[in-house]
Amino acid sequence: MARAVRLANEAWEALFRAQATISRELAAADIWGDLLPREYAVLHALSNAPARGLRITELGEDVLITQPGMSRLIARLESRGLVAREDDPKDARACRIRLTGTGLAAQRRTGGALVRQVAKAMTRALDPGQLADIRDLSGALLAAAEREAATTTAPKEPKAKGKGKAE
């Protein structure tokens, strides 16, 4: 058991350090134009969103930023014409954020450069089979975490009335 715990933690540390190192390399790369990496992350999330856009809280989940921080970031992007706010038809208190044509063009321009930089970083030491393994293993970790989150946050079934049996 102790060996499995140690191995799991060594694997996590190696994965984390590799991701952090590549993230620093990407942040320092001359690929961002007039966007900050976090601004690009918002544009990327919106480029994959439904046509109706996303709420600020949904964007915060994708970009890992607080709601006040996301609101300020959206205001900056909006002032540059990259995103637009629209009333949420299902909730009058909320708005949805969507990409403008200018925002989509910026996302595609920066995204193309980012894709090439990521490929360079990932293929300098890994062959296609290893890349597929990392993709598949990461997908398995994510799927397991999502399953666990769904079971721990699912609403509890009300208890049946009577003698403890469902009718």
Side chains of residues 4-15: which donor-acceptor pairs under 3.5 Å do they make with residues two or more places apart or in other chains?
unit_1 : atom_1 : unit_2 : atom_2 : d
R6     : NE     : E10    : OE2    : 2.9
N9     : ND2    : V5     : O      : 2.8

Please report, to 0.1 Å, the donor-acceptor pairs under 3.5 Å made by any side chain of residues 120-132, with sequence neighbours excluded.
unit_1 : atom_1 : unit_2 : atom_2 : d
T123   : OG1    : A119   : O      : 2.6
R124   : NE     : A121   : O      : 3.3
R124   : NH1    : E25    : OE1    : 3.1
R124   : NH2    : E25    : OE1    : 2.8
R124   : NH2    : E25    : OE2    : 3.0
D127   : OD1    : G129   : N      : 2.9
D127   : OD1    : Q130   : N      : 2.8
Q130   : OE1    : D127   : N      : 2.9

Do V83 and L43 pass the side-chain contact (heavy atoms from CB on, under 4.5 Å) test, and can you show the C-alpha distance, the side-chain angles, and the key distance before you say yes or no? CA-CA 8 Å; V83 301; L43 299 183; 3.9 Å; yes
Quick one: do R98 and L46 satisfy side-chain contact (heavy atoms from CB on, under 4.5 Å)? Show the steps, please. CA-CA 6 Å; R98 64 169 184 76; L46 290 170; 5.6 Å; no
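Scanning for side chain to side chain contact (heavy atoms under 4.5 Å, CB included) contacts around A18 gives an empty result, with sequence neighbours left out. In terms of the side chain to side chain contact (heavy atoms under 4.5 Å, CB included) criterion, residue partners of P50 (sequence neighbours excluded) are, by chain and number, R52, L54. Shown here are the side chain to side chain donor-acceptor pair (under 3.5 Å) partners of R116, two or more places apart in sequence or in another chain: there are none. For S23, the side chain to side chain donor-acceptor pair (under 3.5 Å) partners are Q19, not counting sequence neighbours. Judged as a side chain to side chain contact (heavy atoms under 4.5 Å, CB included), and not counting sequence neighbours, the contacts of R85 are I56, I74, A75, E78, C95, I97. Residues satisfying the side chain to side chain donor-acceptor pair (under 3.5 Å) criterion with R17, sequence neighbours excluded, are absent altogether. Residues meeting the side chain to side chain contact (heavy atoms under 4.5 Å, CB included) test with R55, sequence neighbours left out: T57, E58, D88, D91, A94, R96.
A distance-only check finds no donor-acceptor pair linking the side chain of T110 to the backbone of Q107 [under 3.5 Å]. Judged by distance alone, the side chain of T100 and the main-chain N or O of L82 form a donor-acceptor pair under 3.5 Å.
Residue pairs satisfying the ring pair (Phe, Tyr, Trp, His ring centres under 6.0 Å) criterion with at least one member in residues 36-57, sequence neighbours excluded, are listed as follows: W32-Y40, Y40-H44. Residue pairs meeting the ring pair (Phe, Tyr, Trp, His ring centres under 6.0 Å) criterion with at least one partner in residues 51-92, sequence neighbours excluded, are absent. Sorted by first then second residue, the side chain to side chain donor-acceptor pair (under 3.5 Å) pairs that include residues 131-150, not counting sequence neighbours, number zero.
When the shell of 6.0 Å around CZ of R76 is examined, it contains more than 12 heavy atoms from other residues, nucleotides or ligands.
Taken to the nearest 0.5 Å, the OG1 atom of T102 stands 12.0 Å off from the CG atom of L77. Separation of atoms OG1 (T21) and CZ (R24) is listed at 4.5 Å; rounding is to 0.5 Å.
For the pair R80/L35, a side-chain contact is recorded, criterion being any heavy-atom separation below 4.5 Å from C-beta on.
For A113 against I31, the heavy-atom pair with the smallest separation is CB-CB, 3.7 Å.
I22 and I134 fall within the same hydrophobic cluster, where Ile, Leu, Val, Met, Phe, Trp and Tyr residues are linked whenever their side-chain heavy atoms come under 4.5 Å apart, directly or through other members.
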